Amino acid sequence: TELYSLRLYVDLEKLRINSEVEYEEIIQESILGSGIKIPPLILQPFVENALWHGLSNKAGHKKVTISISEKDNWIICQVTDNGIGRKKAGEVSGVFPEGNLSKAVNISRQRLIDYNQSPGIDPISFTDLENNGEAAGTAVIIRIKA
């Protein structure tokens, strides 16, 4: 259900920003049909950030990839974009990314901490992607207790 909702959301945003964005889902085979559930709307804020901040100001090919796998009783969801990167996005919007995380990210983090019941484990991490020293997008890893 979460993935279906994300597909619809991406389709709507592509119309809003009047841009072609490639959207890809990579799901580990063992997860398909396993009944594993992802809390509703937990991935949407990260896809939104990818579209609005990473890709809306980028020229050329735009892509968002959702990867979902299971490892050591954790569901690992990764949202990756090939956008302008968090630093450049912060410059464009006038806010440095590390200095002002969005409310949606903070709310999602708290929801996951409560859901996972694993104190001391940050359920969300960000990686700034680079290619030859140039920003090449962002990867967000979301950890959900299986």
Side-chain angles (χ1 to χ4, degrees), residues 1-14 17 19 21-32 34-58 60-146:
T1 303
E2 177 73 356
L3 293 175
Y4 177 71
S5 297
L6 279 175
R7 278 184 231 121
L8 292 175
Y9 173 74
V10 170
D11 287 344
L12 286 171
E13 285 299 318
K14 286 176 8 181
I17 62 175
S19 179
V21 176
E22 181 183 350
Y23 176 76
E24 179 182 28
E25 295 173 353
I26 302 170
I27 314 300
Q28 184 179 351
E29 189 80 25
S30 62
I31 290 178
L32 295 173
S34 68
I36 290 176
K37 297 193 185 261
I38 296 172
L41 296 174
I42 207 73
L43 301 178
Q44 185 276 337
F46 303 101
V47 173
E48 180 178 312
N49 283 346
L51 293 169
W52 286 20
H53 304 294
L55 298 174
S56 67
N57 292 307
K58 180 187 186 229
H61 180 252
K62 301 173 184 183
K63 183 175 183 178
V64 175
T65 303
I66 308 293
S67 302
I68 301 177
S69 60
E70 185 178 15
K71 183 178 181 183
D72 300 329
N73 292 322
W74 288 92
I75 300 167
I76 310 299
C77 304
Q78 184 167 319
V79 178
T80 306
D81 68 71
N82 69 337
I84 61 174
R86 294 188 310 148
K87 183 175 181 182
K88 182 73 172 176
E91 292 169 3
V92 169
S93 69
V95 178
F96 194 71
E98 285 79 7
N100 185 17
L101 284 176
S102 75
K103 288 182 183 180
V105 171
N106 289 329
I107 290 167
S108 296
R109 177 173 276 122
Q110 191 57 54
R111 282 182 65 203
L112 286 166
I113 288 169
D114 294 343
Y115 182 87
N116 291 340
Q117 297 182 355
S118 296
I121 297 176
D122 189 352
I124 301 169
S125 62
F126 295 87
T127 302
D128 297 314
L129 306 175
E130 292 185 353
N131 187 7
N132 295 324
E134 296 291 320
T138 304
V140 183
I141 296 177
I142 300 106
R143 294 165 196 79
I144 305 168
K145 199 72 166 171

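Small disclaimer: the values here were computed from a predicted structure and weren't measured.
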Using every non-hydrogen atom in the two residues, find where Thr138 and Gly85 come nearest and quote the distance to one decimal.
OG1-CA, 4.0 Å
Looking at residues at least two apart in the chain, or sitting in another chain, which of them share a salt bridge (Lys or Arg N to Asp or Glu O under 4.0 Å) with Glu2?
none
At what distance, to the nearest 0.5 angstrom, does CD1 of Ile113 lie from CZ of Arg109?
7.0 Å
Contacts of Lys14 meeting side-chain hydrogen bond (donor to acceptor under 3.5 Å, both in side chains) (sequence neighbours excluded), chain-then-number -> none
Show, in sequence, the C-alpha distance, side-chain angles and deciding distance for Leu6 and Tyr23, and conclude whether the side-chain contact (heavy atoms from CB on, under 4.5 Å) test is met.
CA-CA 10 Å; Leu6 279 175; Tyr23 176 76; 3.6 Å; yes
Quick one: pull up NE2 in His53 and CD1 in Ile84 and give me the separation to the nearest 0.5 Å.
10.0 Å
Show me the pairs that pass salt bridge (charged side-chain N to carboxylate O under 4.0 Å, His left out) and involve residues 65-79, at least two apart or across chains.
none
Apply side chain to side chain contact (heavy atoms under 4.5 Å, CB included) to Pro39 and list each qualifying residue two or more places apart in sequence or on a separate chain.
Ile42, Arg111, Tyr115, Ile144
Those residues that, when tested against Ile27, pass side chain to side chain contact (heavy atoms under 4.5 Å, CB included) (two or more places apart):
Leu3, Glu25, Ile31, Leu32, Ile68
Contacts of type side-chain hydrogen bond (donor to acceptor under 3.5 Å, both in side chains), residue Lys63, not counting sequence neighbours:
Glu24
Residue list, side chain to side chain contact (heavy atoms under 4.5 Å, CB included) with Glu48, at least two apart or on another chain
Tyr9, Gln44, Trp52
Report yes if some heavy atom in the side chain of Leu8 is under 4.5 Å from a heavy atom in the side chain of Leu12; otherwise report no.
no
Any side-chain heavy atom of Val79 within less than 4.5 Å of one from Asn49?
no
Side chains of Lys58 and Asn82 in contact at under 4.5 Å (non-hydrogen atoms)
yes
With a 4.5 Å limit on heavy-atom distance, are the side chains of Ile124 and Ser108 in contact?
yes
Considering only heavy atoms from C-beta outward, does the side chain of Val10 approach that of Val64 to under 4.5 Å?
no
Counterpart residues, side-chain hydrogen bond (donor to acceptor under 3.5 Å, both in side chains), relative to Ser125 (two or more places apart):
Arg143
Is the closest side-chain heavy-atom distance between Cys77 and Ile66 below 4.5 Å?
no
Lys145: side chain to side chain contact (heavy atoms under 4.5 Å, CB included) partners, not counting sequence neighbours
Trp74, Asn116, Ser118
Taking only residues two or more places apart in sequence, or in another chain, which ones meet Ser56 in a side-chain hydrogen bond (donor to acceptor under 3.5 Å, both in side chains)?
none
We want to know whether Gln110 and Asn106 form a side-chain donor-acceptor pair, criterion being a heavy-atom distance below 3.5 angstrom.
no
How far does NZ of Lys37 sit from OG1 of Thr1, to the nearest 0.5 angstrom?
6.5 Å
